[in-house]
Amino acid sequence: MSEFFKEIGKIQYEGKSSTNPLAFKYYNPDEVINGKTMREQLKFALSWWHTMGGDGTDMFGCGTTDKRWGGTTPEEIAKNKVDVAFEIMDKLSIDYYCFHDRDLSPEYSSLAETNEKLDIVVDMLKQKQSETGKKLLWGTAKCFDHPRYMHGAGTSPNADVFAYAAAQIKKAVESTIALGGQGYVFWGGREGYETLLNTNMGLELDNMARLMKMTVDYARSIGYTGDFYIEPKPKEPTKHQYDFDTATVLGFLRKYNLIDDFKMNIEANHATLAQHTFQHELRTARINGVFGSIDANQGDMLLGWDTDQFPTNIYDATLCMYEVLKAGGFTNGGLNFDSKARRGSFEPEDIFHSYIAGMDTFALGLRIATKMIEDGRLDQFVADRYSSWNTGIGKDIIDGKVTMADLEKYALEKGEVVSAVKSGRQEMLESIMNNIMFNL
């Protein structure tokens, strides 16, 4: 296929003073930040579903942009997507991509035919990766949009549906391995319920764990050494999804002895739907040793659904990258833009404007988060605030040297302790962050 975006060349870094809409202002791929290039620190990925297939359709209207990429049949469209996707990645200096199986290649008349057609696209992707050096970040199976999955996949009340989902996931795992992916994601699009009046919650959770365990065992048996991720989301499309948030998923993993096999793929918009901040979900994953990968987007606080907008909030991106740096950076994971241009941004060029906005946002977030850590004031305040746990009674408590009776005796002898309580200085800390961010 010939070049699709003939009028758009390689997007260059021109610096913060540039007014060129088709240039990076903050993302300089080969610039070293905190010991690594920005390319290595951020590990940007293209989302196959939104970028190559999302046509602007929403619950109130049909598509507004043509994502057939010059193709006329499902096979031709799927093949053309490969060529155009790698052109986009090359021009944006994006090194990775992520896929749902059915976004690479749609369903056909049978599972056998569907798998055969998927293999053709996977072979094309493998060839493109060899030619360009681009890589697969992670893959997953789209077990939520087909009518068979209306009541769930791994949590379906019908055993035949469970078996079909298992077969689909098996193939998606094989495709991920064939493409060298080091991540495989479980997202429970319909793994939840609308009402408990018709739901055997215990059996559904048991079955979801069974499916995950079987997937891990199979993947390891054929040589997969990468990460498995769960992507928490509280609701939508189901009223209550079992992977509600990171804390809920942690409880699930611990109950079913899966904690050693899974990490989290945290999405910003899913965090806010769970009434959490993006940073909260990342921090919860980090301190529990399950930080893995990120779906980079943002929601609209005035809308109650998953809008999957390209991220432009500098505060959120900064606090995200602060957590990533504190976690030691990405290993197998990265920043996947699970984001789509707005329905009204329907021209092909808008793909580039959207990615530039998102990539510059996280590049700026990385720059500021690095400055926050180097500055040290925020970390020092936290260290000082908890300093009573380093010596005396605090250290004795942590070391397990005291009993409840010992603490009662200590409190009786010490008397009132209100004078020892210090201000949390929230406003001062927010001012310090502004000072670091906007030290113009």
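Atom set for the values below is all heavy atoms of this structure, side chains included, hydrogens, waters and symmetry mates excluded. Everything numeric in this text was worked out from a predicted model, so none of it was measured.
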Does N34 have any side-chain contact (heavy atoms from CB on, under 4.5 Å) partners at least two apart in sequence or in another chain, and if so, which?
-> Q41, L325, T370
Sequence neighbours excluded, which residues qualify as ring pair (Phe, Tyr, Trp, His ring centres under 6.0 Å) partners of Y184?
-> F186
Any chance the side chains of E14 and N20 put a donor and an acceptor closer than 3.5 Å?
-> yes
Which heavy atom of G54 sits nearest a heavy atom of T65, and at what distance?
-> O-CG2, 4.0 Å
For H240, enumerate each residue passing the ring pair (Phe, Tyr, Trp, His ring centres under 6.0 Å) test, keeping only those at least two apart in sequence or located in another chain.
-> Y193, F244
Closest heavy-atom contact between F362 and C320?
-> CE2-SG, 3.7 Å
Tightest non-hydrogen contact, residues T312 and Q298, listed as N-OE1, 2.9 Å
Separation between NE2 (H353) and OG (S345), nearest 0.5 Å, reads 9.0 Å
Could you tell me whether a side-chain N or O of R343 sits under 3.5 Å from a main-chain N or O of A341, the two making a donor and an acceptor?
-> no
Heavy-atom distance under 4.5 Å between the side chains of L250 and I259, does that happen here?
-> yes
Closest approach of S175 to F99 (non-hydrogen atoms, all atoms of both residues) = CB-CZ, 4.2 Å
Side-chain ion pair, K10 and D90, N-O less than 4.0 Å | yes
All pairs passing salt bridge (Lys or Arg N to Asp or Glu O under 4.0 Å) where residues 173-197 contributes a residue, at least two apart | K170-E174
Applying side chain to side chain contact (heavy atoms under 4.5 Å, CB included), run through W48 and V82 and close with a yes or a no.
-> CA-CA 9 Å; W48 208 269; V82 175; 4.1 Å; yes
Pairs in or reaching into residues 196-205: which pass side-chain hydrogen bond (donor to acceptor under 3.5 Å, both in side chains), with residues at least two apart or in two chains?
-> E204-Y242
Compare every heavy atom of G152 with every heavy atom of S156, then report the nearest pair and how far apart it is.
-> CB-O, 3.4 Å
Is it true that a side-chain atom of K25 and a backbone atom of L364 form a donor plus acceptor pair closer than 3.5 Å?
-> no
Residue pair D295 / Y229, side-chain donor-acceptor N/O under 3.5 Å | no
Do Y13 and Y26 have ring centroids that are under 6.0 Å from one another?
-> no
Residues in side-chain hydrogen bond (donor to acceptor under 3.5 Å, both in side chains) contact with S109, at least two apart in sequence or another chain | E113
Does N80 use its side chain to pair, donor to acceptor, with the backbone of W69 at less than 3.5 Å?
-> yes
Counterpart residues, salt bridge (Lys or Arg N to Asp or Glu O under 4.0 Å), relative to D95 (two or more places apart) = R39, K134
Counting N and O atoms only, with roles assigned by atom type, does the side chain of T361 sit under 3.5 Å from a partner on the main chain of A357, one being a donor and the other an acceptor?
-> yes
Could you tell me whether the side chains of E281 and T284 share a donor-acceptor contact shorter than 3.5 Å?
-> no
Would you say the side-chain atoms of Q279 and D316 include a donor-acceptor pair closer than 3.5 Å?
-> no
Taking atom types as modelled and ignoring hydrogens, do the side chains of T57 and D55 form a donor-acceptor contact shorter than 3.5 angstrom?
-> yes
Polar side-chain atom of N265 near backbone of I294 as donor-acceptor pair, under 3.5 Å = yes
If we ignore angles and hydrogens, is there a donor and acceptor under 3.5 Å between the side chains of D338 and W49?
-> yes
Does the cation-pi check pass for K117 over Y108, that is, NZ or CZ under 6.0 Å from the six-membered ring centre and within 45° of its axis?
-> yes
Apply side chain to side chain donor-acceptor pair (under 3.5 Å) to E267 and N297, showing your working.
-> CA-CA 7 Å; E267 178 175 317; N297 60 23; 2.8 Å; yes
Look at the aromatic rings of Y149 and H146 and report parallel, tilted or perpendicular, splitting at 30° and 60°.
-> perpendicular
Decide if atom NZ of K135 counts as having more than 12 heavy atoms of other residues, nucleotides or ligands within a radius under 6.0 Å.
-> no
Can we say D83 and K79 salt-bridge, meaning some charged N sits less than 4.0 Å from an Asp/Glu carboxylate O?
-> no
Whether N269 side chain and D308 backbone form a donor-acceptor pair below 3.5 Å | yes
Below 4.5 Å, heavy atoms only, C-beta onward: do M321 and L42 meet side chain to side chain?
-> yes
Compute the centroid of each ring, for F337 and then for F44, and state whether the two points are separated by less than 6.0 Å.
-> yes
Verify, without hydrogens or angle tests, whether T238 (side chain) and K235 (backbone) share a donor-acceptor contact under 3.5 angstrom.
-> no
Qualifying salt bridge (Lys or Arg N to Asp or Glu O under 4.0 Å) pairs with a residue from residues 145-158, counting only residues at least two apart or across chains | E107-R148, K142-D145
Residue pairs passing the salt bridge (Lys or Arg N to Asp or Glu O under 4.0 Å) test where at least one lies in residues 360-374, sequence neighbours excluded | E31-R367
Is there side-chain contact between I432 and F381, with heavy atoms separated by less than 4.5 Å?
-> no
Examine distances only and state if a side-chain atom of T37 and a backbone atom of D30 form a donor-acceptor pair shorter than 3.5 Å.
-> no
Measure centre to centre between the rings of Y224 and Y218, then say whether the value is under 6.0 Å.
-> no
Please indicate whether R342 has more than 12 foreign heavy atoms, meaning atoms of other residues, nucleotides or ligands, lying under 6.0 Å from its CZ.
-> yes
Residue pairs meeting salt bridge (Lys or Arg N to Asp or Glu O under 4.0 Å), one or both in residues 317-337, sequence neighbours left out, come to R283-E323, R286-E323, K326-D379
So do the side chains of F310 and I356 get within less than 4.5 Å of each other, counting heavy atoms only?
-> no
Could you check if a side-chain atom of S47 sits within less than 4.5 angstrom of a side-chain atom of C98, using non-hydrogen atoms only?
-> no
A167 and L111 have their tightest heavy-atom pair at CB-CD2, 3.8 Å
Backbone N/O of E3 and side chain of K6: donor-acceptor pair under 3.5 Å = yes
From the options Q275, H276, M264, K233, select the one residue that forms a side-chain contact (heavy atoms from CB on, under 4.5 Å) with D245.
-> H276
Ignoring hydrogens and geometry, is there a side-chain-to-backbone donor-acceptor pair from K91 to I11 under 3.5 Å?
-> no
Do other residues, nucleotides or ligands put more than 12 heavy atoms under 6.0 Å from the CD atom of E7?
-> no
Those residues at least two apart in sequence (or on a different chain) that pass side-chain contact (heavy atoms from CB on, under 4.5 Å) with D300 are L302, L303, T307, Q309
Ring pair (Phe, Tyr, Trp, His ring centres under 6.0 Å) against Y322, all qualifying residues, sequence neighbours excluded | none
Does a side-chain heavy-atom distance below 4.5 Å link F86 with Y97?
-> yes
Are Y355 and I94 close enough that some pair of their side-chain heavy atoms sits under 4.5 Å apart?
-> yes
Is any side-chain heavy atom of I88 closer than 4.5 Å to a side-chain heavy atom of F352?
-> yes
Have H270 and D306 got a donor and an acceptor in their side chains that come within less than 3.5 Å?
-> yes
Under the 6.0 Å and 45° cation-pi test, does K43 pair with Y96?
-> yes
